[in-house]
Every structure is written in C-alpha cells, then in structure tokens.
2 protein chains.
Amino acid sequence: MTVTLADVAARAQVSPATVSRVLNGNYPVAAATRERVLKAVDELDYVLNGPASSLAAATSDLVGVLVNDIADPFFGIMASAVQAEIVGPGGRAGGERLAVVCNTGGLPERELTYLTLLQRQRAAAVVLTGGAVENEEHIAAVAAKLRRLTEAGTRVVLCGRPPVPDTDTVALTFDNRGGARQLTEHLLSLGHRRIGYVAGPEERTTTRHRLEGHREALAGAGGPTPDDLVVHGPYDRASGYTATRELLGRAPDLTALVAANDTVALGACAALREAGLRIPEDVSVAGFDDLPFSVDAVPALTTVRLPLSEAAARAGRIAMDREAAPEGGVDEVRGELMVRGSTGVPREA
Amino acid sequence: MTVTLADVAARAQVSPATVSRVLNGNYPVAAATRERVLKAVDELDYVLNGPASSLAAATSDLVGVLVNDIADPFFGIMASAVQAEIVGPGGRAGGERLAVVCNTGGLPERELTYLTLLQRQRAAAVVLTGGAVENEEHIAAVAAKLRRLTEAGTRVVLCGRPPVPDTDTVALTFDNRGGARQLTEHLLSLGHRRIGYVAGPEERTTTRHRLEGHREALAGAGGPTPDDLVVHGPYDRASGYTATRELLGRAPDLTALVAANDTVALGACAALREAGLRIPEDVSVAGFDDLPFSVDAVPALTTVRLPLSEAAARAGRIAMDREAAPEGGVDEVRGELMVRGSTGVPREA
DNA sequence: TTGAAAGCGTTACCAA
DNA sequence: TTGGTAACGCTTTCAA
C-alpha cells in the first residue's frame, strides 16, 4: 500500500541502506546514485516513516515546548521564536524538526505528564518556558524527570525559570527581581507613595521574585511594604481586573499600580477605566513583559536589552546546539526583564 | 539500558503481549494480571517507546495544528482550544495526544512542508486554522496532500477556511462576508459615510470575504466603494499602523475605520492616537475576532453566537471523533464571526 | 484470558 | 562508495 524505503531502493536500483543515506545526508554517496535515488523518491512520492526512523535511530525530530498558557501572547511569542530556531540548517520552511507545544496551564501535574509524553516520544529537546511552581515535592519530581530525559539524550533548556541543580540542563533566566525593583523605584521617583501591586499566583518563581524586587524598592525608600496593597491572582486579564477593583476598594487613594505582567495590566486598566479613573492622569499603571498590545494600553517606560523573542530564540538555539550554551552545563544566562508602563505624576503631588 | 516492554513482562511474569494489552486497555485482561503488570511498570519506571508503538500500530498520537501565526492571540486561542479537546477521555492532564503546533507564517510552502512533516509522523489528525491562501496551484497542492493524509488514516479538519472539494475532510467555516457586512452597515446606520478599510493580505480567503461584505454594505447604501479607502497589508499590528497613516493621508475626513482583524485594529488605534485623534469621538474603529485585549482598545460592538474558542474546540472534537462531524464528510458548519468595535457618531454628522 | 511469533520500516554496523 | 542484515521495541493476529 504505502510506499516504503525498499520500494524506492528497488526503483533506484540501490540498497535500502543507500536510500537511507541519501535521505539523511550523513554519509557520502556518489552524486549519480544520489540523483537516481532522489528521482525515485520523487516519482514514487515517497514520505519517510517517522516512527520507524525514530525507532531505529533512537531519537525523534520532535522538540517539546512547555508553556503555561499558549493563549497568552507572551508564550505565543516564545513558542514562535523557539520554533523559528529549531528548523534545520538552511532555515528551510518547516525544517526537519517539529515543535510540540504543550499547554500546562501552570498546573504541576500537567507539566509532569507532558514531560513523560515527550520522553515517550524520545523528543530531541525540551524547552520549558515561564516561571516555575515553587513546591518542594514538584520541584523534586521535575528534576528527576529532567534527569531521566537528559540521560536519554534529550536536550533540556529552561527559559525564564531558575536552573535545576544536578541536571545537565541549561537555564536562561530573566532578572525579575531587578526589573521589579527598577519599576517601583521609577514610580517612587515620580512621587508616588501609595502603589498597588497586582501579583501573580502564589508559589511561582516569577511572582515571588518580582514581588521581592518591588518590596526592595519600597524598603529602600524608607517605608515598609503595606501588605494590604498587594493582591495575588492568576496571570490573566480577569485577575488583573478583579484585583484592581479589590485594591481600589481598599485604598481609594492609590496613585500607581504595578501589574505582575502585561496581560494582568490590561485587566487592571479595564477596571480603572470602569471606575472612571484616567490612565495615567489619575492612576499610573506599569506592567512587565513586552507584548505588542501593551504598547497601546501602557506606553513604554523602560527599554530592555534582550527582547522576549530574542531570549526565546536563544533558548531554541541552545536546545539544538550544545555549542550555543554557556560553558558548563547548568549555567545561567542573564537576560533583561521587559518593563513597560504608563507613568505620570501622582494626583496632588 | 532503557527499560522495555520485555523487562516489564519479565518482572510481571507475563508475556509482552499482555503488557501491551494492559497499557493500551483495548483487550480484556484479568484484574490480577493487570495489577501485577501495572506494579511492574511502576517499579521499573517504565515509559512506553512512542516511535516503536507508532510503527507497529501504524498511527501516532500526534495531532497537528497549523496556524498562521502562533504569536497572534487569535491563533493562540485556537491552538489552546484544540489542544484541550484532543486529550484522551477523562480529560486527564496532557492526555495521550500531543498537539504539534506548526507556524506557517501564512506561507504556502511552509504549509505544505508542515503537512508533509505531519504525514511523515503519521499524525492521528490535522487541524488547519485560519484563512487559506487563494492561489490555484497552491490550493491544488494542498488538496492533493490532504487527500493523501486522509487516505493514510489521518483525520483532517479545516477551521476558518473553505471546504476542500473531493476530500474526506470536514470544514468549520465562519461567516466572514456576513460579519463584515453587518459591521459596515452598523457604521453606516450611525451616519458614517467616509469609512476607511484596512484589509488583510491579498490572496487570502478571509481578506476577500470580509472585503466583499464591506462592499456589499456600501453598495446597499447606494454608494460605490471608494477604492482609495481600502489598503491591504499583513494581519499584524504594524500593518494596521502603517495602513491607517496611509488612509489618514488620503482621506483626512474619514470618520470610521474597519480593520480586518483585532491585531490590525490595535495598530490602527495607535496610529490614530499618534495623529491626535480620539477614539471613538473623532474616528470610530471596528475590528473582527474576539481577542481579550481588544476589549480595552475597542469596546464591544456586536455580540457573537459562536465564540472563537468554542469554534476551535469543536474543530478539535471533530478531529478526534468522526461522530462529532456534521453528516457527510465534506460538510460545512456555519459559525458566527466575531465583530467588535468602538463606535460613535461621526464628527459633524 | 494469555502466549508465541511474525511483522512494522528504518538505521547503522560490518563487509565488500 | 555500496550492500547485506541484524537490531530497534512494540502491536497484533493466530493458537492454545
């Protein structure tokens, strides 16, 4: 029924081994033979059997990309950049490698399930993006999984989450703490004193680091952090909306708002507008990330050195090429966090 | 080195065949035996070899999802919804199936390359999302590919693009023409007469259908379509920005603007703001799609019957289950197009 | 309900 | 440079 390597070999009058060699281009093959083979491939409209190939070669051309939420442009950009990098040399459309994008929803179980699924597929590489869940048990489970993956030859790259000790993985991290500090310091320098903070979900590295940076800035300005001005919630628009309403209820006098990411910032803006407040005249809003739509909602505040897409592209490159990785397997590449915001001086300040 | 089915069989004191049956749950296996096998699987930390399994079974648990631009939230939402539906029964995290998201960038070659790659992987199903390129040669090539895929047992679902004749595929289409007509009619009813139109890229079904709807509405209002008020460009933010500046240059008197999609609308808004115009006081903006961020940029205008995510989820369901498909292989499911907009009465109208 | 064994289509090693 | 041929690890008849 379906055309196999043997059929091609027969038609080209060569052995299956030769056809395989031509297709993989790993071994030297006489030009004439190669032509004959390619012609046969074309005539028979032959398509390699991936599973068979992967079985024999003990590796596949699949690259897993774990994201917290593919519907969030932040991860869409990451996935896109990684995918662009994993294509084979020559940048031929689609390349050889296929990106398997896995939506974890930020759920620990799903993260593990997907890693197992990718292990099952004998994925060539796996890129884990976004903040990690900070739960001791889960961290250990993930570490164990990653260890098993790397032992099986799968390359693992972490992008936006802390390195995992004792694993042959490479981590590319963002300066969440520093970015948050700068952001809040900037607001403080403008005279803001009552600053609300819409934080991400609990038990997440990004949430914690950004919040720590925020607190550092406040502490530096002399004041302690008013805990009633911090509200946690998921990294989505609805959460930004809800949290902002909550904050406005608690502190009608706040003049600035920091959102844990751009998507959350959008929800915050919506809540502020609904409350009749003008941005940034009444309340300044600042968010992280570097999503295109935030340019409209929240004009740029701080420039960044390593755009999100470039960071992700780099992760993709590392996944494909050990050489691209920093020296030492488990190293850390410092990126810069994106910081955007719409800022103004506080009312009566 | 790595644990195989045989190892599990040995430890559980059964034949490999039995282990396979337990793992796949397709054949009846004595409860006691099953327990013993699962125990062995657990103890050995066994992970099935996907490629080997796919080779033997002649099908994989991979589902391809072709999107034009994964960084665009529109497709992110689609990919997300499809992925949520293709997980195995019980909705277990990650399920059995893996979504392979392929970024075509709207390029015909890449679309074909990805289809070949998925064919090579013996994908269980393929979902093509978004508008199709209207190029005779390409259409024929895609049709041929899809035919080959379905013949090989791969289920193919089209979501947001026209059916492909003579193929065993299912299409789920949106009413692009009708949506566009309604949108423009709405603007006309508000008194707008000079309406700019930022169209999508040429040779794309969505571009053509939406533009046709727009022209129908204008024609219905008596006037011919002023061609100088239509500018084409890619479906991205930059294009919306550029096109809007172009339109403002050509017709400083326009009071409304229709953007081919939400992402384009954002760019349009940015250009308008930059020009010192207020939305919707000076210029009304309307866009398609149903992206969360557009709620901020462009308040809702028209409600919709079938939200984008639900449409995509349905496509995912059809991909997995022939029963979910409309009667007749090549049928058409009518969805409703998302229409959003920020509208106001025209200046001095 | 379970086992034996024949593939599934490549790859890669060993010869030639 | 090319061919022969064992694996690769699983699924799936066919028997028992």
Side-chain angles (χ1 to χ4, degrees), chain A residues 1-38 40-41 44-62 96 116-117 119-124 152-153, chain B residues 1-38 40-41 44-62 96 116-117 119-124 152-153:
Chain A
M1 253 289 300
T2 95
V3 185
T4 72
L5 232 191
D7 298 328
V8 175
R11 184 171 243 271
Q13 317 229 54
V14 296
S15 74
T18 300
V19 177
S20 174
R21 294 196 262 255
V22 169
L23 260 32
N24 291 299
N26 307 325
Y27 289 78
V29 174
T33 324
R34 133 177 265 97
E35 287 313 310
R36 211 142 27 91
V37 170
L38 291 178
V41 165
L44 295 177
D45 202 18
Y46 169 70
V47 173
L48 189 71
N49 183 314
S53 170
S54 297
L55 171 58
T59 180
S60 76
D61 44 13
L62 260 31
E96 321 255 61
T116 301
L117 248 26
Q119 180 184 1
R120 171 186 298 190
Q121 297 294 338
R122 304 298 186 257
Chain B
M1 255 289 299
T2 95
V3 185
T4 72
L5 231 195
D7 298 327
V8 176
R11 184 170 242 274
Q13 316 228 58
V14 296
S15 74
T18 301
V19 177
S20 173
R21 293 197 261 253
V22 169
L23 260 33
N24 291 299
N26 308 325
Y27 290 79
V29 174
T33 326
R34 136 179 262 97
E35 287 312 312
R36 209 140 31 89
V37 171
L38 291 179
V41 166
L44 295 176
D45 202 18
Y46 170 69
V47 174
L48 189 72
N49 184 315
S53 168
S54 297
L55 170 58
T59 179
S60 76
D61 43 13
L62 260 31
E96 321 257 58
T116 301
L117 247 27
Q119 179 184 2
R120 170 185 300 191
Q121 297 294 339
R122 304 298 186 254

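Each chain gets a letter, A, B and so on, in the order its sequence line appears, and its residues count up from 1. Worth saying up front: this structure is predicted, and the values here are computed from it rather than measured.
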Discussion item. I need the CD-C1' distance between B/Gln13 and C/dT1, as an integer number of Å.
Written reply: 17 Å
Worksheet, complete the sentence: Nucleotide by nucleotide, nucleotides 9-16 of chain C touches protein heavy atoms under 4.0 Å in the pattern (B base, S sugar-phosphate only, - none) BBBBB---
Discussion item. Once salt bridge (charged side-chain N to carboxylate O under 4.0 Å, His left out) is applied, what residue pairs with a partner in residues 19-30 of chain B remain, sequence neighbours excluded?
Written reply: none
Discussion item. Within the structure provided, determine whether A/Val22 and A/Thr33 are in side-chain contact (heavy-atom separation under 4.5 Å).
Written reply: no
Item to complete: Give the rounded distance in Å between these two atoms: CZ of A/Arg36 and C1' of D/dT1.
Response: 12 Å
Fill in: Rounded distance (Å) that lies between atom C1' of D/dG9 and atom CG of B/Leu44
15 Å
Pairs of donor and acceptor atoms involving the side chains of residues 46-54 of chain A, under 3.5 Å and at least two apart or interchain, shall be tabulated with distances.
{"residue": "A/Asn49", "atom": "OD1", "partner": "A/Ala52", "partner atom": "N", "Å": "3.0"}
{"residue": "A/Ser54", "atom": "OG", "partner": "A/Gly50", "partner atom": "O", "Å": "3.1"}

Item to complete: Could you note down all residue pairs passing side-chain hydrogen bond (donor to acceptor under 3.5 Å, both in side chains) where residues 8-20 of chain A supplies at least one of them, sequence neighbours left out?
Response: A/Arg11-A/Glu43, A/Ser15-A/Thr18, A/Ser20-A/Asn24
Fill in: Distance in angstrom units between B/Asp7 CG and D/dC8 C1', rounded
14 Å
Fill in: Approximate separation, where rounding is to 0.5 Å, of A/Arg34 CZ and A/Arg36 CZ
12.5 Å
Item to complete: Compare all side-chain heavy atoms of A/Leu117 with those of B/Asp61 and state whether any distance is below 4.5 angstrom.
Response: no
